[in-house]
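Here the structure comes first, spelled out in structure tokens, and everything after it is commentary.
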Amino acid sequence: MPGLTPAELDELLTFTTALARTAGELILEGSQAIQQASASDIGEKKNSVDLVTEYDVKVEELVKREIAAAYPTFQFIGEESYSAGSRPPLTDAPTFCVDPIDGTTNFVHAFPFACISIGLIDQRRPVLGVIYNPFLDHLYSGVAGHGSSLSRAGGAPQTLPLAPARPLPSLSQALVAVEWGSDRTAPAVTKKAESFTRLAGDPARGIARGRMAHSLRSIGSAALNFAMVAQGGLDTYWEIGCWPWDVCAGIVIAQEAGGFVTGGKDAPHDGDVTEGILTGRKYLVIRAIADTEGETGLEAQKRIAREWYDTVEDVPLDG
Ligand code: LIP
């Protein structure tokens with residue numbers, strides 16, 4: 001099966017962008033409703049921190065319906081459909097990969113960093129991504145081979161990263177994003193906490209293998225963490241335990257902004273986001289880094305990936 005052509009991807013970008021904005025209106029409506037709702041309107045999936053609302057489901061239904069009408073032969077993988085038992089295997093066919101509300105916890109708490117994330121996979125590789133945060137009216141998009149951009153408050157798209165790439169000598173100079181995720185079992189929480197301690201801690205003040213990064217951030221949305229690395233506001237983002245729909249769109253946007261995306265500690269760190277990495281639930285993304293004398297930007301990204309995995313613990317995946 002031949003892959004999508006540049007003209008088809010261009011048309012898909014127009015469609016996906018409009019769809020993300022429509023979904024954004026429903027997310028905003030949902031936010032109003034959720035702030036008036038009672039605790040019993042907020043559902044739990046795996047545990048009490050893995051939240052779902054009727055709007056996660058409503059937004060996914062809207063998106064799924066519009067996609068089926070416009071692209072009836074395309075496959076669809078969505079967070080809520082997956083939870084409801086629809087788990088089609090990935091094939092070579094074009095496949096939308098959608099998180100209707102990424103950052104559901106933020107959505108529930110009225111912390112204005114939640115978004116719709118619409119990715120498109122073709123030939124088992126992410127090829128297009130649109131991430132829209134309707135609370136801030138920030139729309140990120142990217143198409144394989146055609147760059148990525150950010151449009152704020154309906155303004156003209158600005159190419160990503162927003163400023164020329166800078167060097168990154170080591171993690172000690174980095175602003176890094178991490179997330180606790182929803183697996184709160186002892187092995188996961190302990191290994192993440194050890195990793196965060198090393199990233200933040202001062203090696204000269206008792207933290208063995210401490211990198212003393214500038215600081216650690218958690219936006220609470222994997223998609224928006226990826227977008228912020230693409231933008232250049234974060235140097236790295238690492239998470240274990242999120243899912244392809246959380247990251248699919250962000251992968252394209254980050255890569256097209258010169259970012260380096262890889263999987264867990266044992267993945268080949270060559271920047272190729274294979275099916276194994278896309279579905280592996282372990283992700284590390286590093287922003288574009290400028291070439292310096294004696295080191296290309298790509299070499300620097302691989303060096304930072306090695307430093308990262310010399311620092312953090314691997315974390316077991318939950319079921
Ligand atoms: C969430 C992520 C968040 C991550 C959670 C979860 P949801 O997605 O984006 O960053 O830490 O594990 O996957 O549930 O809000 O769509």
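In each ligand, atom 1 is the first atom listed, and ligand 1 is the first ligand listed.
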(Q) For His269 and Phe260: C-alpha separation, side-chain torsions, deciding distance, then whether ring-ring contact (aromatic ring centres under 6.0 Å, His included) applies. (A) CA-CA 9 Å; His269 302 305; Phe260 180 86; 7.5 Å; no
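- Judged as a ring-ring contact (aromatic ring centres under 6.0 Å, His included), and not counting sequence neighbours, the contacts of Tyr237 are Phe226.
- Residue Arg205 qualifies as open at atom CZ: its count of foreign heavy atoms under 6.0 Å is 12 or below.
- Residues forming a ring-ring contact (aromatic ring centres under 6.0 Å, His included) with Phe74 (at least two apart in sequence, or on another chain): Tyr71, Phe96.
- The distance from atom CD of Gln75 to atom CG of Asp122, rounded to the nearest 0.5 Å, is 11.5 Å.
- Closer than 4.0 angstrom to ligand 1 lie heavy atoms from Glu79, Asp99, Ile101, Asp102, Gly103, Thr104, Glu179, Gly181, Ser182, Gly220, Ser221, Ala222, Glu239, Cys242, Asp246.
- Pro316 pairs by the side chain to side chain contact (heavy atoms under 4.5 Å, CB included) definition with Pro187, Lys191, not counting sequence neighbours.
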